[in-house]
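Here is the structure we will look at, set down as structure tokens.
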Amino acid sequence: QVQLVESGGGLVQAGGSLRLSCVASGRTFSRFVMGWFRQGPGKEREFVSAINWSGGSIYYADSVKGRFTISRDNAKNTVYLLMNSLKPEDTGVYYCAARTSPNFSGTYYLSNEYYYWGQGTQVTVSS
């Protein structure tokens with residue numbers, strides 16, 4: 001069993017930055033693809049970013065490309081999401097997720113590719 005715990009959310013003004021962290025329990029973290037998803041008010045959950053086991057392969061949603069950076073520290077069982085130039089449309093609950101495979105499939109952006117999920121952390125960007 002793997003547990004994921006996110007932190008780092010909060011209220012920030014447009015143009016500001018936040019760094020989200022997700023700590024995983026268990027000793028198999030380095031074998032997992034890790035992803036970040038978000039769900040805005042009245043919206044469906046959507047893919048934000050994902051990183052493979054080594055950090056050598058990374059994907060971003062077009063809406064965050066160039067503003068967000070995903071990274072991981074396998075020694076600390078932690079994945080990060082650095083969010084710069086935040087916009088009001090980035091508001092939502094951000095979820096960390098783990099895919100029980102070290103590398104991506106062709107549908108890495110689908111939530112059903114990920115088996116373990118955190119409880120989410122709220123990010124609110126004011127205009």
Side-chain angles (χ1 to χ4, degrees):
Q1 189 74 1
V2 174
Q3 290 187 327
L4 304 175
V5 179
E6 303 99 332
S7 62
L11 173 64
V12 64
Q13 288 188 332
S17 299
L18 284 173
R19 189 179 79 156
L20 306 183
S21 299
C22 171
V23 180
S25 65
R27 293 178 288 180
T28 55
F29 175 80
S30 63
R31 302 178 189 175
F32 294 161
V33 163
M34 298 299 297
W36 287 97
F37 288 75
R38 68 186 181 188
Q39 187 166 14
K43 298 180 181 179
E44 294 187 352
R45 189 173 299 187
E46 65 176 359
F47 171 78
V48 175
S49 182
I51 186 169
N52 78 330
W53 72 276
S54 67
S57 185
I58 289 173
Y59 289 100
Y60 295 102
D62 287 344
S63 59
V64 307
K65 203 171 293 184
R67 300 188 298 122
F68 289 12
T69 303
I70 192 172
S71 61
R72 67 189 296 162
D73 185 337
N74 288 340
K76 296 182 178 179
N77 279 14
T78 303
V79 62
Y80 305 96
L81 186 68
L82 175 61
M83 306 185 294
N84 293 324
S85 303
L86 282 162
K87 304 175 181 180
E89 51 263 44
D90 294 318
T91 294
V93 179
Y94 283 68
Y95 298 92
C96 171
R99 166 177 158 81
T100 56
S101 172
N103 290 302
F104 291 113
S105 71
T107 51
Y108 59 87
Y109 50 88
L110 295 179
S111 58
N112 61 13
E113 289 281 322
Y114 298 80
Y115 189 77
Y116 297 105
W117 290 82
Q119 82 290 348
T121 185
Q122 176 70 45
V123 171
T124 303
V125 184
S126 63
S127 57

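Here the structure is a predicted model, which is why all the values come from computation and not from measurement.
- Under the 3.5 Å distance criterion, the side-chain polar atoms of Ser49 are matched with a main-chain donor or acceptor of Tyr59.
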Exercise for the section: Output, in order, the C-alpha distance, side-chain angles, deciding distance and verdict of side-chain contact (heavy atoms from CB on, under 4.5 Å) for Met34 and Leu4. Expected result: CA-CA 10 Å; Met34 298 299 297; Leu4 304 175; 4.1 Å; yes

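- Taking both residues in full, the closest heavy atoms of Ser17 and Ser85 are given as OG-N, 4.3 Å, listed atom of the first, atom of the second, then distance.
- In this structure, the separation between CG on Leu110 and OG on Ser105 is 7.5 Å, given to the nearest 0.5 Å.
- Checked by atom type and distance alone, the side chain of Ser25 pairs as donor or acceptor with a backbone atom of Gln3 at under 3.5 Å.
- For the pair Asp90 and Lys87, the salt-bridge criterion is not met [side-chain N within less than 4.0 Å of a carboxylate O].
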Problem - Full working for side-chain contact (heavy atoms from CB on, under 4.5 Å) between Val64 and Arg38 - result: CA-CA 12 Å; Val64 307; Arg38 68 186 181 188; 3.9 Å; yes

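- A cation-pi arrangement is found for Arg72 relative to Phe29, the charged atom lying closer than 6.0 Å to the ring centre and inside a 45° cone about the ring normal.
- Close placement of the Phe47 and Tyr108 rings is indicated, their centers lying within 6.0 Å of each other.
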Problem - Criterion side-chain contact (heavy atoms from CB on, under 4.5 Å) on Gln122 and Thr91, from CA distance to verdict - result: CA-CA 8 Å; Gln122 176 70 45; Thr91 294; 4.1 Å; yes

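- The main-chain N or O of Cys96 is found under 3.5 Å from a side-chain atom of Glu6 such that the two form a donor-acceptor pair.
- Of the possible donor and acceptor atoms, none in the side chain of Asp73 sits under 3.5 Å from a partner among the backbone N and O of Thr78.
- The distance from atom OH of Tyr95 to atom CG of Leu20, rounded to the nearest 0.5 Å, is 13.0 Å.
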Exercise for the section: Would you check, one step at a time, whether the test side-chain contact (heavy atoms from CB on, under 4.5 Å) holds for Val79 with Trp36? Expected result: CA-CA 9 Å; Val79 62; Trp36 287 97; 3.9 Å; yes

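- Phe68 and Tyr94 have tilted rings, their planes meeting at an angle from 30° to 60° on a 0 to 90° scale.
- In this structure, the separation between CZ on Arg19 and CG on Asn84 is 11.5 Å, given to the nearest 0.5 Å.
- Distance check: Asn74 CG to Lys76 NZ gives 12.0 Å after rounding to the nearest 0.5 Å.
- Asn52 places a side-chain N or O within donor-acceptor distance of the main-chain N or O of Ser57, the cut-off being under 3.5 Å.
- Of the inter-residue distances, the one linking Trp117 atom CH2 with Cys22 atom SG reads 11.0 Å to the nearest 0.5 angstrom.
- Two rings, from Phe37 and Tyr114, have their centers less than 6.0 Å apart.
- Cluster annotation: Ile58 is connected to Met83 through the hydrophobic network of ILVMFWY side chains, with a link wherever side-chain heavy atoms come within less than 4.5 Å.
- Side-chain atoms of Arg99 do not come within 3.5 Å of backbone N or O of Val33 as any donor-acceptor pair.
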